[in-house]
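Because only heavy atoms are used, hydrogens play no part in the values below, and waters and symmetry mates are left out as well, while side chains stay in. In what follows, chains are A, B, ... by sequence order, proteins preceding strands, each numbered from 1.
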Amino acid sequence: MKLADRYNAKETEEKWYPHWMEQKYFASKPDDREAFTVVIPPPNVTGILHMGHMLNNTIQDILIRKARMDGKNACWVPGTDHASIATEAKVVRKLREQGIKKGDLTREAFLKHAWDWTDEYGGKILMQLRKLGASCDWDRTAFTMDEVRSKQVIKVFVDLYNKGKLYRGLRMVNWDPQAQTVLSNEEVLHSDEDSFLYHLRYKIDHNGEESAELNRLSRKIKQLKAEVKYYKPNAKSKGTYAKSSYHSLSNLLKKLEAEYAAKEEAYNWLTIATKRPETIMGDTAIAVHPEDPRYTHLKGKRAIVPLINRSVPIIFDDYVEMDFGTGALKVTPAHDPNDYEIGLRHKLEVIDTIADDGKLNEKAQIHIGIDRFEARDLVKNDLETAGHLVRLEPYKGSIGRSERTGAVVEPKLSLQWYVDMKKIAAPALEAVMTDEIEFFPKKYKNTYHTWMDGIRDWCISRQLWWGHQIPAWYYKGETFVATNADDALKLAQAKFGKDVKLADLKQDEDALDTWFSSWLWPFSVFDGMESGGEVDYYYPTSVLVTGWDIIFFWVARMVMAGYEWKGTFPFKDVYFTGMVRDKQGRKMSKSLGNSPDALGLIEDYGADGVRFGMMSCSPAGGDLLFDKKLCEQGAAFCTKMWNALKLIKGWEVADKAVSPDLEKVNALAAKWMEQRLSNILTDIESNFKTYRLSEVTMDLYKFIFGDFCGWYLEIIKPPYGSPIDKATYNQAINFFETLMTVLHPIMPFVTEEIWHQLKDRKHGEDCMMSQYPKAGKVDAAFLKNFETVKDTITKIREIRQKNQLKSYEPLKAFVQESASAKGFFDIDGMKELLQKMAALESLDFTKAEPENTVNFISGTEKFYVELNLTIDVAAEKERISKELDYMKGFLVSVDKKLSNERFVNNAPAKVVENERNKQADAVAKIAILEESLAKLN
RNA sequence: GAGACUGUAGCUCAGUUGGUUUAGAGCAUUACCUUGACAGGGUAGGGGUCGGGGGUUCGAAUCCCUCCAGUCUCACCA
């Protein structure tokens, strides 16, 4: 069969993926092999594939395919999560477009819509993963809200509650007014934003009590005014005395008036600074620092909240920073976590002035029904009009926004469910710190440590319907937590007697945070709460591949869940991928429009091209700057391999080579290939162990492009029109086959295709299921010699190029006779190889420098190439001098080391010996060069 | 405010416990070659005082200190 002229990625992909599926290669059942398990970070069920998914799923697929080829029972479990906030928002929006309000629907009706939506769009992303070549066990596809997973989520909730590690409490929470749900701390993103610090003055309420000092001043001013009037110059006044009295008195009056104004301000007014003037209607105190001298006189006093004229106490609390703002703080316990704490300490009233939707409520008294940000401007205007706005100071401060909706988070007092994290965090922290679970890269241990150390309770209830409804039932102020309503009823009856009926119990309306289901993922996908089933075989999983951005959301919590319910870690290794950025280093985002269409890329460059592109730019852990060019390079790599296949398959095969010399050359090349293969396999194994997959990718790229195609195939390529010998042909096919196996995990499609083209295969014989080769022994001396011959060839090519000789023009060459040179050319095929590759018509030993030649050193040998043209003596001299200088400099540095007694005494023997060899080499080369130079003079 | 990380060729990065030629790769670039697998090719070359300064050491891109520049994470300063 004739091979296609060009490699067709699309055709290949459409051929092999279904074939692998039919053969059930992706499926895994427990057996007596070692398990290699990976659970997919479940993407949002209604999401679409983006670059981040491409990256981390490519990595997972590479690891899984490699493990499978290593003879392990590889199991990659796919699935999706229900993404409660995001999905609910999408469904709500869609309903609104149809003119349906969520509030008008019952929970059941709404959930029906949500399930319809999920069924329609759900799992699309998993179909897209197949295009990438992902070898997931699709029969195991799980969903965080399917029956098996839901059952476990509920069980976990009940279990934690019964163990006292879960509680319901009234706390200051992060409220998302847009999604109208509470959020966990991790779902709030803080960033600095420009705003203002409003300086507002509150009137001090002295309860009718007057200031003696002010009264005294006031009286004085009155007197003075009268005097000033008396001395006011007019027609009758005469003399300088009157005039000067008038001036000094009126100056004094001015001073006193100013003093009065300042004293009056200080006595009657108190200025505070706030970012949120719209919350003053919820103020229930003003706080100052107990040791602030500016405010000591205010002990026991009260202040009047502007606009609504509420009298609130002035309290003293050392939370207040004296040097921030004005040193005085308005206290609004309902709308600020710190104020809430202060409120608790001072038993302050909590007045909640903002409704769930972010609009002011009737408690605010003014601007009711206006959104908080609009209200901010309105209140500011009101305050300005009423003379309470002292000044506006531009201010940059941290603002918390909802990760999902982007809405500014509103602190709010609310009754919610929490996991008591301190009670489950300890083993999870230790596991990572002691490397029982190993992080790649290591630096994330730190991040993890900091977070775990200061861990705060996890708010898990959400005011949403799309999710697992909280299994808590309420009756007469009591809470009954059970896996189902009947069990809850039993609990209630045990407490309140048999008269309690199911209808009397009211189940909590809220749903659970999505992460409360995904943190069970490594065992819930195997229905693994209880042991005895498959979970015993597959758990703990081998490695988790995920972005570092969800280290707290997901990774840390999975570790905790693993220890809590399975008594051990959920995964042995964690490989954190970086974020995919564009080539300018910007985050990929919809608004920037810099995020390439993932499927479009596959369309353009083939799945293998894209996989190569992703891998060649992804150092472990670092962010990767994605450039389409790398995919292009990947696609070109496929073409290169395809062309190599065409070359080999195009050869005519004979029993023997055209000459015995060529057979020797081919045998030598085969030996070299074998050695290099062992060499690279050793590197690949160690790089796989440390997840340096971009190294593996690049090493293979260079090896196949350079060593295999550039050298090996060029060496064995038969002369034009001649056949190749059968042995060499088979070797070449075998090497190629091995290379396809080695590359398969990274580029599965092209390797499968070429692997099949290389030999006739039986049905069910496939590259993806073949065994990954193992490294053999490496003969370092041999490899070094081969490098020397390659170097010699290169140098002869260089001479040709410099002298503008054609690459095929035959040349005569000589080598300086010496023991080492003899040894070198004793290697079978070495001489013939050099002659073939450098197009030499002859290669002979010589004792003296032949006429008309230029020379060079390769390894420790001196070579001469005869040129039938006049040699540019000056240029030659310059070239040799340059090399001589380099060698001399080099020798100096080596000599310096060796003449240093402390080096010789302290450095390891191997290092010293190495230096001695370098020295000897350098001395020999310098001698040769000097001799050549002398000849030219 | 606290902490972490990074700084090596035009770009993106390797450089694995300090010693394998006085620093490597891919891409880009330059010159040349190219009817014999491959212009998505071949051959060769240029390009870096390893952010600056100081120190430890026989020896530093690698360890320590300091400064500079950048990135990120965490944190309740109104």
key: Spacing of the P atoms in B:rC74 and B:rC27 (rounded, Å)   = 38 Å
inquiry  = Measuring from the side chain of A:Arg692 (C-beta onward, heavy atoms only), which nucleotide among B:rG15, B:rA78, B:rC38 has the closest atom?
reply    = B:rG15
message = Could you check whether A:Glu714 pairs with A:Lys717 (Lys NZ or Arg NE/NH1/NH2 to Asp/Glu carboxylate O, under 4.0 Å)?
response = yes
Euclidean distance, atom CD of residue A:Glu714 to atom C1' of B:rU34 [Å, nearest integer] = 12 Å
message = Quick one, A:Glu410 with A:Arg276, criterion salt bridge (charged side-chain N to carboxylate O under 4.0 Å, His left out). Give me CA distance, side-chain angles, the key distance, then yes/no.
response = CA-CA 11 Å; A:Glu410 188 62 43; A:Arg276 304 197 57 191; 2.9 Å; yes
ask   = Salt bridge or not for A:Lys396 and A:Asp192, using N-O below 4.0 Å?
value = no
query = When all nucleic acid strands are considered with a 4.0 Å heavy-atom cut-off, which category describes A:Glu632: base, sugar-phosphate, or nothing?
reply = nothing
request  = Specify the residue among A:Leu713 and A:Arg797 whose closest nucleotide of RNA chain B lies further upstream toward the 5′ end.
outcome  = A:Leu713
request  = Select base, sugar-phosphate, or nothing to describe what A:Val894 touches, counting heavy atoms under 4.0 Å on all strands.
outcome  = nothing
query = Does B:rC76 have a Watson-Crick or wobble mate here (both distances under 3.5 Å), and if so which one?
reply = none
List, with names and distances, any nitrogen or oxygen atoms from the protein found under 3.5 Å away from nitrogen or oxygen atoms belonging to nucleotides 70-75 of chain B.
unit_1 : atom_1 : unit_2   : atom_2 : d
B:rA75 : OP1    : A:Arg456 : NH2    : 2.7

query = Within the structure shown, what part of the strands sits under 4.0 Å from A:Lys275 by heavy-atom distance: base, sugar-phosphate, or nothing?
reply = sugar-phosphate
request  = Sticking with atom C1', work out how far B:rU66 lies from B:rA23, rounded to a whole angstrom.
outcome  = 26 Å
query = On a plain distance test, is the side chain of A:Lys629 in donor-acceptor contact with the base of B:rC27 below 3.5 Å?
reply = no
task = Quick one: pull up CD1 in A:Ile648 and OH in A:Tyr729 and give me the separation to the nearest 0.5 Å.
result = 7.5 Å
task = Give one of base, sugar-phosphate or nothing for A:Lys649, where a contact means two heavy atoms less than 4.0 Å apart.
result = nothing
remark   = Side-chain contact check for A:Asn446: nearest option of B:rU43, B:rA37, B:rA4 is B:rA4
ask   = So does A:Lys442 have more than 12 non-hydrogen atoms from other groups sitting under 6.0 Å from NZ?
value = yes
inquiry  = Considering every strand and a 4.0 Å limit on heavy-atom distances, what is the contact class for A:Tyr395: base, sugar-phosphate, or nothing?
reply    = sugar-phosphate
request  = Taking only the side-chain nitrogens and oxygens of A:Lys888, find out if one of them lies under 4.0 Å from OP1 or OP2 of B:rU21.
outcome  = no
request  = Indicate, with a heavy-atom threshold strictly under 4.0 Å, whether A:Leu329 touches base, sugar-phosphate, or nothing.
outcome  = base
query = B:rA31, B:rA37, B:rU12: which one has an atom nearest the side-chain heavy atoms of A:Lys640?
reply = B:rA37
C1' gap between B:rA14 and B:rC76, integer Å = 43 Å
message = For a quick test of reading the model: is some side-chain N or O of A:Lys717 closer than 4.0 Å to OP1 or OP2 of B:rA37?
response = yes
task = Name the closest nucleotide to the A:Glu321 side chain, picking from B:rA78, B:rA37, B:rU43.
result = B:rA78
inquiry  = Between the side chains of A:Glu393 and A:Arg391, is the shortest nitrogen-to-carboxylate-oxygen separation below 4.0 Å, so that they form an ion pair?
reply    = yes
message = Any base atoms under 4.0 Å from A:Thr794, or only sugar-phosphate, or nothing? Heavy atoms, all strands.
response = sugar-phosphate
key: Nearest-Å distance once atom C1' is located in both B:rG26 and B:rU21   = 23 Å
inquiry  = What I want to find out is whether A:Asp292 reaches A:Arg294 closely enough, with some N-O distance under 4.0 Å, to be called a salt bridge.
reply    = yes
ask   = Has A:Arg916 got a side-chain N or O lying under 4.0 Å from the OP1 or OP2 atom of B:rG19?
value = no
Separation between the P atoms of B:rC13 and B:rG55, rounded to whole Å = 32 Å
ask   = When we call it a touch if two heavy atoms are under 4.0 Å apart, what does A:Tyr701 touch: a base, just sugar-phosphate, or nothing?
value = sugar-phosphate
query = For A:Phe705, which contact category applies under a 4.0 Å heavy-atom criterion: base, sugar-phosphate, or nothing?
reply = sugar-phosphate
task = Calculate, to the nearest 0.5 Å, the distance between atoms SG and CG belonging to A:Cys459 and A:Leu183 respectively.
result = 8.5 Å
remark   = Residue pair A:Ala328/A:Tyr7 against RNA chain B: nearer the 5' end by closest nucleotide is A:Tyr7
ask   = Using atom P of each nucleotide, how far apart are B:rA60 and B:rU20 to the nearest Å?
value = 12 Å
task = Flag the pair A:Arg401 and A:Glu187 as a salt bridge only when some basic side-chain nitrogen lies within less than 4.0 angstrom of an acidic carboxylate oxygen.
result = no
message = Rounding to an integer number of angstrom, what distance separates B:rC11 and B:rU29 when you compare their C1' atoms?
response = 11 Å
ask   = What is the nucleic acid contact for A:Cys709, judged by heavy atoms within less than 4.0 Å: base, sugar-phosphate only, or nothing?
value = base
Spacing of the P atoms in B:rG7 and B:rU34 (rounded, Å) = 44 Å
message = Under 4.0 Å, heavy atoms only, any strand: does A:Ala635 hit a base, just the sugar-phosphate, or nothing?
response = base
inquiry  = Quick test of your reading of the model: are A:Asp791 and A:Lys795 salt-bridged, counting only N-O distances below 4.0 Å?
reply    = yes
